[in-house]
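What follows is one structure encoded as C-alpha cells, with my remarks underneath.
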Number of protein chains: 2
Amino acid sequence: MAINAENVKSQMRKGYLEYCILLIIAKKPMYVSDIITELKEAQLIVVEGTLYPLLSRLKSSGILAYQWQESLQGPPRKYYELTDDGRQFLAELEEGWEEIKNVVELIKNKNI
Amino acid sequence: MAINAENVKSQMRKGYLEYCILLIIAKKPMYVSDIITELKEAQLIVVEGTLYPLLSRLKSSGILAYQWQESLQGPPRKYYELTDDGRQFLAELEEGWEEIKNVVELIKNKNI
DNA sequence: AATAAATACCTTGCGATACAAGGTACTAAA
DNA sequence: TTTAGTACCTTGTATCGCAAGGTATTTATT
C-alpha cells in the first residue's frame, strides 16, 4: 500500500522490461541465462520467475519463436528469436519509447 | 493474455505516470482536472479512476498534501502539493528515470 | 552403480496498480 | 424543483513482476 522510491522504480522497470528483452533477442538468438546476463550488464536485474512467463507470453503471441539446442554442459536450452511479427512489434515499441521520452521532456520543460 | 503493442505501451506508461504527475504538481498546487488537462497536453491520457487512488496513495505516504479550496463554479476542490518528503521522493524518481534511459541506451548500443 | 552438483526448464501465489464503470455530493441555472 | 455541470470517491477486473518452490537432464564424485 505504501509508496516508496524502490516500489516506483520497480513499476517503471515493468514498462520497459519487455522492450529491453526484445532489443537483446533481436541481436541474436538467446536463452534465459544469456538474457539475464545481458540485462545484468546493463544494470537491470531480472529473475527467472519474471522471465519465463514473459517469454511464454511473447511466444504464444507470435512475437518470439524458439529452437531447442544441445548444451555442452547440462540439459538442452530454448533459444528464442524474433519472428517477423516480432520485428514489427519491436518497431512499435521503439516508437512508444520515443513518445514516452517526449512526454517527459514536454512536461519538464513546460513553464520554465 | 495476448500481447499487443497498445497493451505494452500502456504498461510502459504505468511506470512513469507517477513521475509525470509529481513533475506537474511540483510546479504549483493542482486539483484533479488541472492535472488531467496538463497530462493531456503532453499527449498522456489518464482518467479519473486512475488518478484519484494514485493521489490518495501519495497522500497517505506523505508525498503529497492537499488543501480544500472554493470554486467559483461547483463544489470545492482538493489542491495537491508536494511535501518536503515529496520533493525528496521526486528527486529519487528523477534518478530512476535517468537510470532507465541509460539502461536502454546501453542495451541498444552494445555490439553495434 | 548410486549419489550429488550444476544447469536447464516451468508453475503457483501474492501484491501492486491502471482502468472501466458506477456512485455521491455540492452549486447554479432553468 | 428539476436538470446540468463539476467535484469527489469506490468497486471489480485484468495484468504482471517477483519470491518461492518444483521437475528434468547432464556430468562429476563416491
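So you know, we letter chains A, B, ... as the sequences are listed, proteins then strands, and number each from 1. Model, not experiment: these values are computed from the prediction.
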Exercise. When clusters are formed from ILVMFWY side-chain contacts under 4.5 Å, directly or step by step, what else is grouped with A/Leu72?
Worked result: none

Problem set entry | Euclidean distance, atom OH of residue B/Tyr16 to atom C1' of C/dT17 [Å, nearest integer] | 16 Å

Problem set entry | Protein-nucleotide distance (A/Tyr31, atom OH; D/dA24, atom C1'), rounded to Å | 16 Å

Problem set entry | Set of residues satisfying salt bridge (charged side-chain N to carboxylate O under 4.0 Å, His left out) with respect to A/Glu41, sequence neighbours excluded | B/Lys110

Listed pairs, N/O of protein and of nucleotides 25-30 of chain C, under 3.5 Å:
none

Exercise. Separation of A/Gln69 atom CD from C/dT7 atom P, in whole Å?
Worked result: 18 Å

Donor-acceptor contacts, no H, no angles, side chain residues 89-100 of chain B, under 3.5 Å, sequence neighbours left out:
unit_1	atom_1	unit_2	atom_2	d
B/Glu94	OE2	A/Lys108	NZ	2.9
B/Glu94	OE2	B/Tyr19	OH	3.0

Problem set entry | A/Trp68 CH2 - C/dT7 P separation (whole Å) | 17 Å

For this session: Taking side chain to side chain contact (heavy atoms under 4.5 Å, CB included) as the test, write out the residues that go with B/Thr83, two or more places apart.
Result: B/Ala65, B/Asp85

Please write out the pairs of protein N or O atoms and N or O atoms of nucleotides 18-20 of chain D separated by less than 3.5 Å, giving the distance to one decimal.
unit_1	atom_1	unit_2	atom_2	d
D/dC18	OP1	A/Arg13	NH2	2.9
D/dC18	OP2	A/Thr50	OG1	2.8

Problem set entry | With B/Leu55, the side-chain contact (heavy atoms from CB on, under 4.5 Å) member among B/Thr50, B/Ile63, B/Val32 | B/Val32

Problem set entry | Between C1' of C/dA18 and CG of B/Leu58, the distance in whole Å | 14 Å

Exercise. Whole-Å distance between D/dT6 P and B/Arg77 CZ?
Worked result: 10 Å

Exercise. Roughly how many Å is it from CZ in A/Arg57 to P in D/dT15, rounded to a whole number?
Worked result: 10 Å

Exercise. Any side-chain N or O of A/Tyr52 under 4.0 Å from OP1/OP2 of C/dC10?
Worked result: no

Exercise. Please, which pairs that meet salt bridge (charged side-chain N to carboxylate O under 4.0 Å, His left out) have at least one residue in residues 59-79 of chain A, sequence neighbours excluded?
Worked result: none

Exercise. For B/Tyr31, what are the other residues in its hydrophobic cluster, where any two members join if their side-chain heavy atoms are less than 4.5 angstrom apart?
Worked result: B/Tyr79

Exercise. In whole angstrom, what separates B/Leu51's CG from C/dA20's C1'?
Worked result: 15 Å

Exercise. Are any of the side-chain heavy atoms of A/Leu64 and A/Leu22 separated by less than 4.5 Å?
Worked result: yes

Seminar exercise, completed: Those residues at least two apart in sequence (or on a different chain) that pass salt bridge (charged side-chain N to carboxylate O under 4.0 Å, His left out) with A/Glu48 are none

